[in-house]
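The structure appears below as structure tokens.
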Amino acid sequence: MAVATGRQLDVPESLAKTMLDTYACEAPRMRSLGLLADEVSQDARAPLFERTLALSGRNPAWRSLRAGGGTGSSTRS
């Protein structure tokens, strides 16, 4: 939502790590229930929060056209 409205989201590393660990365990089950899109390819050296977004089926490179972006492509953002 932050990107879609042109805002920056700063997630503390400790929270991003917890999120990544949780999604790493839960994503397969959530996908089987249709709750998440397929994982988006992401560099293993990317920031933890971006890796979490990718694991959840969101494209970390997506930018809103309204917010002046437009890079990346994803039907689920």
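Because the structure is predicted, anything quoted here is derived from the model rather than measured.
- Under the salt bridge (charged side-chain N to carboxylate O under 4.0 Å, His left out) criterion, D43 pairs with R45, not counting sequence neighbours.
- Using a 4.5 Å heavy-atom cutoff, the side chains of L15 and F49 are not in contact.
- Atom CZ in R51 sits 15.5 Å away from atom OH in Y23 (nearest 0.5 Å).
- Between A54 and Q42, the shortest heavy-atom distance links the atoms CB-CB, 3.6 Å.
- Taken from NZ in K17 to CG in L48, the straight-line distance is 7.5 Å, to the nearest 0.5 Å.
- The CD atom of E39 lies 9.0 Å from the OG atom of S56; values are rounded to the nearest 0.5 Å.
- A pairwise comparison of heavy atoms in R31 and D38 identifies NE-CA, 3.6 Å as the closest pair.
- In this structure the side chain of V40 never reaches within 4.5 angstrom of the side chain of R58, judged on heavy atoms.
- Between L20 and L55 the shortest side-chain heavy-atom distance falls below 4.5 Å.
- Shown here are the side chain to side chain contact (heavy atoms under 4.5 Å, CB included) partners of T22, two or more places apart in sequence or in another chain: T18, E26.
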